[in-house]
Colleague: 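Take a look at the following structure, please.
So you know, we letter chains A, B, ... as the sequences are listed, proteins then strands, and number each from 1.
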2 protein chains.
Amino acid sequence: MAVEEDGLRADARANRDRILEVARKALTHDPETPLSAIGKAAGVGQGTLYRHFPTREALALAIYREEINALAALASTLLQKHPPLEAFRLWCAQLANSSAMKRGVAKLLQGATSEDDKRETYEQMVLAVRSLIAACEAAGAIDTGANADDVLMLLGVLWQLPSHPGRDSQSARIIALIFGGLGAKD
Amino acid sequence: MAVEEDGLRADARANRDRILEVARKALTHDPETPLSAIGKAAGVGQGTLYRHFPTREALALAIYREEINALAALASTLLQKHPPLEAFRLWCAQLANSSAMKRGVAKLLQGATSEDDKRETYEQMVLAVRSLIAACEAAGAIDTGANADDVLMLLGVLWQLPSHPGRDSQSARIIALIFGGLGAKD
DNA sequence: TTAAGTAACGGACAATTGTCCGTTTAGTCA
DNA sequence: TGACTAAACGGACAATTGTCCGTTACTTAA
């Protein structure tokens, strides 16, 4: 019976899942929990932890991949229910509020075009942005020729905003600025 | 004879300068040189190194502060020699190319509004952007009401671009997008 | 069912970061 | 000039990250 549903051996998958579960709780409680402590709590050795997640970032990325997936999927949902430009706006608002992104986890996708395991997650986001841009262009709601990579880079700024009073309005201003750059027709 | 020109004791200043000199060379050669190695090369103990520069970031920030200062100063120079909008554009171009910012050093000013020693450097940049915006507004070259913090956050993206073929054109596109958002009158 | 092959394990170890604290010395004042 | 004091030093130590490699056990195939 070929069991390799995802190319991972059964015990490896079990370990991976257990590490993620433990890490999610631990990192939520304290973002700087030592990786070694997480490994111990998950009942695996250092080697196992690091083989699965070479860096702290990789671990965090895995934890929040679900939420990122949901965000990427949201794009098409919004496009079905709203006019393109409004869908785009709603998506950006959701991006700015996406709780998983806040604080330390924010740095995740920076320079994501380089390292390999980030790449996959990054691509999902680019695709989402590309679909939103394409729909808006088709509807004549923005200027043509915008580059999804560029726009995503700029939107990434929203994840870096420190959470201070006024953060929400700053998000709104920045989104407005970007839409202005895209030539959005209000 | 009161010698404290900058609130630092003479020997402390000498150490600080020596560390910076060594670190500049070492980090240019290999951005991941261990801090302990830098300390040893500068002939100071771990304690001294960490007292002066609590983190790797702090050290890098100090190294590149000169270059950042120059960038901030460039704004007024450009404003004297060029029409406001062109000055702004030239400044952004310089920002994108500022060699010190590339690679690992790029992350420096992210979330700069939080930690204290970053704050000062960050303020200089905000002031520069604010002066450029004000001049452009006064000349009617951009829409009024732009927020310097917002614009600087967006410009910060330029420091995060991985150096790949096409980086320069991506910089140009992003700058154009931002200027579009500002309502720049071409 | 068993044996072989290999992916995965996990703890020991190396490297680096970051802290602490007793010692030294620059700067001050009589 | 000779203490005095506080700033600064720097090495030892603790904590964390990251690597290595001999051992274990999941899978497959006969």
Colleague: Donor-acceptor pairs under 3.5 Å, side chain of residues 32-40 of chain A to any protein atom, not counting sequence neighbours: which ones?
Modeller:
from: A/Thr33; atom 1: OG1; to: A/Ala26; atom 2: O; distance (Å): 3.2
from: A/Thr33; atom 1: OG1; to: A/Asp30; atom 2: O; distance (Å): 2.6

Colleague: Heavy-atom contacts under 4.0 Å between residues 40-52 of chain A and DNA chain D, which residues?
Modeller: A/Gln46, A/Gly47, A/Tyr50
Colleague: In whole angstroms, how far is the C1' atom of C/dG27 from the CZ atom of B/Arg13?
Modeller: 17 Å
Colleague: Nearest whole Å is fine: how far is C/dG18 C1' from B/Glu57 CD?
Modeller: 15 Å
Colleague: Which residues satisfy the ring-ring contact (aromatic ring centres under 6.0 Å, His included) test with B/Tyr50, sequence neighbours excluded?
Modeller: none
Colleague: Does any part of the side chain of A/Arg56, heavy atoms only, come nearer than 4.5 Å to the side chain of A/Leu59, both counted from C-beta?
Modeller: no
Colleague: Any chance NZ of B/Lys185 has more than 12 other-residue heavy atoms, nucleotides or ligands included, within less than 6.0 Å?
Modeller: yes
Colleague: I'd like to check B/Asp168 versus B/Asn97 (side-chain heavy atoms, cut-off strictly below 4.5 Å). Are they in contact?
Modeller: yes
Colleague: C/dA8, D/dT17, C/dT16: which one has an atom nearest the side-chain heavy atoms of A/Ala12?
Modeller: C/dA8
Colleague: Please give, in whole Å, the distance from D/dG18 P to A/Arg56 CZ?
Modeller: 8 Å
Colleague: For the CG atom of B/Leu79 and the SG atom of B/Cys136, what is their distance to the nearest 0.5 Å?
Modeller: 7.5 Å
Colleague: Roughly how many Å is it from CG in B/Leu35 to P in D/dG10, rounded to a whole number?
Modeller: 17 Å
Colleague: B/Leu59 has an atom CG; how far is it from atom P of C/dT17, in whole Å?
Modeller: 11 Å
Colleague: Looking at residues at least two apart in the chain, or sitting in another chain, which of them share a salt bridge (charged side-chain N to carboxylate O under 4.0 Å, His left out) with B/Arg16?
Modeller: none
Colleague: Do B/Arg51 and B/Thr48 have side chains that get closer than 4.5 Å, going by heavy atoms?
Modeller: yes
Colleague: Of the candidate nucleotides D/dT16, D/dC26, C/dA26, which contains the atom at the shortest distance from the side chain of A/Asp11?
Modeller: D/dC26
Colleague: What is the distance, rounded to the nearest whole Å, between atom CG of B/Leu8 and atom P of C/dG27?
Modeller: 11 Å
Colleague: With no angle test and no hydrogens, is the base of D/dA8 tied to the side chain of B/Arg9 by a donor-acceptor pair under 3.5 Å?
Modeller: no
Colleague: Can you list the residues that meet the ring-ring contact (aromatic ring centres under 6.0 Å, His included) rule with A/Phe88, with sequence neighbours excluded?
Modeller: A/Phe179
Colleague: Give the residues of residues 14-26 of chain A touching DNA chain C, defined as any heavy atom closer than 4.0 Å, sorted by residue number.
Modeller: A/Asn15
